Amino acid sequence: MKPTRVRFAPSPTGFVHIGSLRTALYNHLFAKNRGGSFLLRIEDTDRTRFVEGATENLINVLKWAGISYDEGPGVGGDFGPYYQSQRSEIYRKYARLLLSKGAAYMAFDTPEELEKMRLAEKSARDPAPRYNSAVRLKMRNSLVMTQAEVETEIEKGSPYVIRLLVPENRTFEFSDLIRGEVKFDSSHVDDQVLIKSDGYPTYHLANVVDDHEMKISHIIRGEEWLSSVPKHLLLYEYFGWQAPAMAHLPLIFNPDGTKMSKRDIQTLGELPPGKVDPNVETYIKRGYEKEAILNYIALLGWNPGEGDERQIFSLDELVKEFSLERVNKSAAIFDIKKLDWLNSEHISRRDTSVLVSQIKPQLLDKDVEIPSEKYLFQVVELLKTRLHFLNEFLPIAGYFFADPEEYEPDAVKKRWKDDSAKLVLEFCEQISNLTDYNAGTIEEALRMVAERNNVGGGRIIHPARLCVTGKSVGPGLFEILEVLGKETVLRRLKKGAETIPTIKQ
RNA sequence: GGCGCGUUCGUCUAGGGGCCCAGGACGCCGGCCUCUCACGCCGGUAACACGGGUUCGAAUCCCGUACGCGCUACCA
């Protein structure tokens, strides 16, 4: 059996689309699952759409996601170069081969002439005429021109393209690994341009040549390529090569069922309702965990199968479980809610010590003073389950690092009663005498004060939380008080008992 | 328009003739826990696009219709 070799072949024309990332992921998973190789190939043959920095950006995103590749830019490999723009000579060689076999021809038609042809051929029956057997003999190409005429044009330096000669009455059948049998008739295939007038190949020639030269065993790519498979099959046939197995992935849609488009954000500035941002970097910037994103997009079109109801997967687990047979045929809608859930799920399953090391930099960055590693660990432990995004840590944990500067007005209104200051101070008194200061003894102390005053625990708990954190929500009060330490707690309780009544009115 | 692909709860999906008056997950709703919020736990809501076949029996197979999406470039 031939070794498994797959590739992710993006074109550097902008940001990294969420669908591209999934394609890359699936390729990577498939390769690693089978002990094969995953390569990255940059399809930069469209010089007009080339975007500076797009390739670097793409590589960074893959690196961020932990989707490693065995061959490609930056890592090398035996089948390079991995930039198509650096392989022009190879494509020209194969184009000449096609020419010599009569499988392709040169065409000198100008864009204006093509436009004229389309206009002339356009009819109700055929609103989108193709450059094919029906019209090619009416055009200016090496099929109708004499050898001498062709040479003259070339000498004149006239721009020309090389087109694929698509035979009439051919049926192209193939078995897609995801979709099953797919059939096309050659009458719907056009004489595809193989080499553009600028000398660069089109995707169609380049991907066939490269996939063969790079010994690709399986092509896993988006469904938008399904329609051009017949052209590729014809090329493999002309070259006498065996085509790789193919798998066409379903698309990812906006919540409103439309295609996730870069235009949604680029031209409108902000996202219209029903749309979702297709740019992976947007999610990185918002603070999504890479584990969550990978987990989510993996599940968008793939699942582990009957009886396996797991939702949470690490990259390693995905590698272990992935198979193309379990990839769906139909498009999926990108639902941010589930991504959010996965994000908090991945965070709360993470070791606290790991979280500490991830959170520390953002605190240092904001000049937050961290009393000790152990202290931070305790705080994170306490807040872990309510942390949905790592970057939410400081906003919800601020009071662990500084005395509250204000008290939530609504909470003051609701929880601060006339006797609150008195109760809080009594509670102060009680805990200041504590020799063994911990959540358990603190609670005992509080309950005692409550009982003595004939009130429920809540009458002290809420005001105390307000004094100490300034907030109405958070972890259990006794745990907070323990972590904060007696000295800090007493200071804050006294300060609160003094200040809150003044703002109450 | 042509060609291709697709269509199970709001969303992601399980299901490949009887195990399904359709299972799981997110969301939503209700409850429990409780000092609040979150977590967790328990329960609920909700779907086989439509119409014909085939069959003793169809979400599952076939045909048609509708709808959606893709392609229809010297873009990928």
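Order of the sequence lines fixes the chain letters, A, B, ..., with proteins taken first and strands second; residue numbering starts at 1 for each chain. Worth saying up front: this structure is predicted, and the values here are computed from it rather than measured. Values below: all heavy atoms of this structure, side chains included; hydrogens, waters and symmetry mates excluded.
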- Compare every heavy atom of A:His204 with every heavy atom of A:Leu235, then report the nearest pair and how far apart it is. CD1-O, 3.6 Å

- What is the base-pairing partner of B:C71, counting Watson-Crick and G-U wobble geometry with both distances under 3.5 Å? B:G2

- Closest heavy-atom pair, A:Leu477 versus A:Arg465, reported as atoms and distance to 0.1 Å, is N-NH2, 3.5 Å

- Query: Within this structure, what is the CZ-to-P distance between A:Arg459 and B:U36, rounded to whole angstrom?
  - Reply: 15 Å

- Item | salt bridge (charged side-chain N to carboxylate O under 4.0 Å, His left out) partners for A:Lys183, two or more places apart | none

- Message: Categorize A:Arg349 for me: base, sugar-phosphate, or nothing, with a 4.0 angstrom heavy-atom threshold over every strand shown.
- Response: nothing

- Message: In whole Å, I'd like the distance from the CZ atom of A:Arg350 to the P atom of B:C39.
- Response: 18 Å

Which protein N or O atoms sit under 3.5 Å from an N or O of nucleotides 3-12 of chain B?
from: B:C5; atom 1: O2'; to: A:Arg179; atom 2: NH1; distance (Å): 2.5
from: B:C5; atom 1: O2'; to: A:Glu223; atom 2: OE2; distance (Å): 3.3
from: B:C12; atom 1: OP1; to: A:Ile333; atom 2: N; distance (Å): 2.9
from: B:C12; atom 1: O2'; to: A:Leu299; atom 2: O; distance (Å): 2.9

- Please list all pairs passing the side chain to side chain donor-acceptor pair (under 3.5 Å) test where one or both residues lie in residues 328-340 of chain A, with sequence neighbours left out. A:Tyr288-A:Asp340, A:Gln311-A:Lys338

- Query: If we ignore angles and hydrogens, is there a donor and acceptor under 3.5 Å between the side chains of A:Tyr105 and A:Asp191?
  - Reply: yes

When you compare the protein's N or O atoms with those of nucleotides 73-76 of chain B, which come within less than 3.5 Å of each other, and at what distance?
from: B:C74; atom 1: OP2; to: A:Arg163; atom 2: NH2; distance (Å): 3.2
from: B:C74; atom 1: O2; to: A:Ser197; atom 2: N; distance (Å): 2.8
from: B:C74; atom 1: O2; to: A:Ser197; atom 2: OG; distance (Å): 2.7
from: B:C74; atom 1: N3; to: A:Ser197; atom 2: OG; distance (Å): 3.0
from: B:C74; atom 1: N4; to: A:Asp109; atom 2: O; distance (Å): 3.1
from: B:C75; atom 1: O2'; to: A:Asp46; atom 2: OD2; distance (Å): 2.5
from: B:C75; atom 1: O2'; to: A:Arg49; atom 2: NE; distance (Å): 3.3
from: B:C75; atom 1: O2'; to: A:Arg49; atom 2: NH2; distance (Å): 3.4
from: B:C75; atom 1: O2; to: A:Arg49; atom 2: NH2; distance (Å): 3.2
from: B:A76; atom 1: OP1; to: A:Thr45; atom 2: OG1; distance (Å): 3.1
from: B:A76; atom 1: OP1; to: A:Lys196; atom 2: NZ; distance (Å): 2.6
from: B:A76; atom 1: OP2; to: A:Tyr203; atom 2: N; distance (Å): 3.2
from: B:A76; atom 1: O3'; to: A:Glu43; atom 2: OE1; distance (Å): 3.4
from: B:A76; atom 1: O2'; to: A:Ser11; atom 2: OG; distance (Å): 3.4

- B:U13 OP1/OP2 closer than 4.0 Å to side-chain N/O of A:Asn303: no

- Whole Å only: how far is the CG atom of A:Asn295 from the P atom of B:A25? 15 Å

- Query: Pick from A:Glu291, A:Glu381, A:Glu345: which one makes a salt bridge (charged side-chain N to carboxylate O under 4.0 Å, His left out) with A:Arg350?
  - Reply: A:Glu291

- Task: Compute both the distance and the angle, then confirm whether A:Arg163 meets the cation-pi test with A:Tyr131: under 6.0 Å from the six-membered ring centre, within 45 degrees of the axis.
- Result: yes

- Taking 4.0 angstrom as the limit, do A:Asp185 and A:Arg170 come out as a salt bridge? no

- Do A:Phe108 and A:Tyr160 have ring centroids that are under 6.0 Å from one another? yes

- Item | Nearest-Å distance once atom P is located in both B:C71 and B:C63 | 26 Å

- Message: Between A:Tyr296 and A:Phe334 (judged by ring centroids, cut-off 6.0 Å), do the two rings come close enough to count as a pair?
- Response: yes

- Whom does B:C32 pair with, Watson-Crick or G-U wobble, provided both distances fall under 3.5 Å? B:G40

- Partner nucleotide, any strand, of B:A25 [Watson-Crick/G-U, under 3.5 Å]: B:U11

- Message: Pairing check on B:U65: which nucleotide meets the Watson-Crick or G-U wobble criteria with it, both distances under 3.5 Å?
- Response: B:A49

- Query: Starting at CG of A:Asp126 and ending at P of B:G2, how long is that distance when rounded to a whole Å?
  - Reply: 10 Å

- Query: In whole Å, what is the span from the CD atom of A:Glu325 to the P atom of B:A14?
  - Reply: 14 Å

- Task: Decide if the gap between the ring center of A:Phe313 and the ring center of A:Phe322 is smaller than 6.0 angstrom.
- Result: no

- Task: Specify the residues of residues 466-474 of chain A, ordered by number, for which at least one heavy atom lies under 4.0 angstrom from an atom of RNA chain B.
- Result: A:Ser472, A:Val473, A:Gly474

- Query: How close or far is atom P of B:A38 from atom CG of A:Leu477, stated in whole angstroms?
  - Reply: 18 Å

Report each atom pair, protein N/O against N/O of nucleotides 59-61 of chain B, whose distance is under 3.5 angstrom.
none

- Is it true that the side chains of A:Asn141 and A:Arg136 contain a donor and an acceptor less than 3.5 Å apart? no

- Taking atom C1' of B:G40 as reference, at what distance in whole Å does atom CD of A:Glu345 sit? 11 Å

- Item | For the student: nearest non-hydrogen atoms of A:Glu289 and A:Leu390, plus distance | OE2-CD2, 3.3 Å

- Closest heavy-atom pair and its distance - A:Arg130, A:Asp190: CB-CB, 3.6 Å

- Task: Quickly work out the A:Glu479 CD to B:U36 P distance and round it to whole Å.
- Result: 13 Å

- Search all heavy atoms of A:Pro73 against all heavy atoms of A:Tyr82 and return the closest pair with its distance. CD-CB, 3.9 Å

- Message: Both A:Trp341 and A:Arg22 contact RNA chain B. Which one's nearest nucleotide lies toward the 5' end?
- Response: A:Arg22

- Query: Is there a Watson-Crick or G-U wobble partner for B:A59 with both distances under 3.5 Å, and if so, which one is it?
  - Reply: none

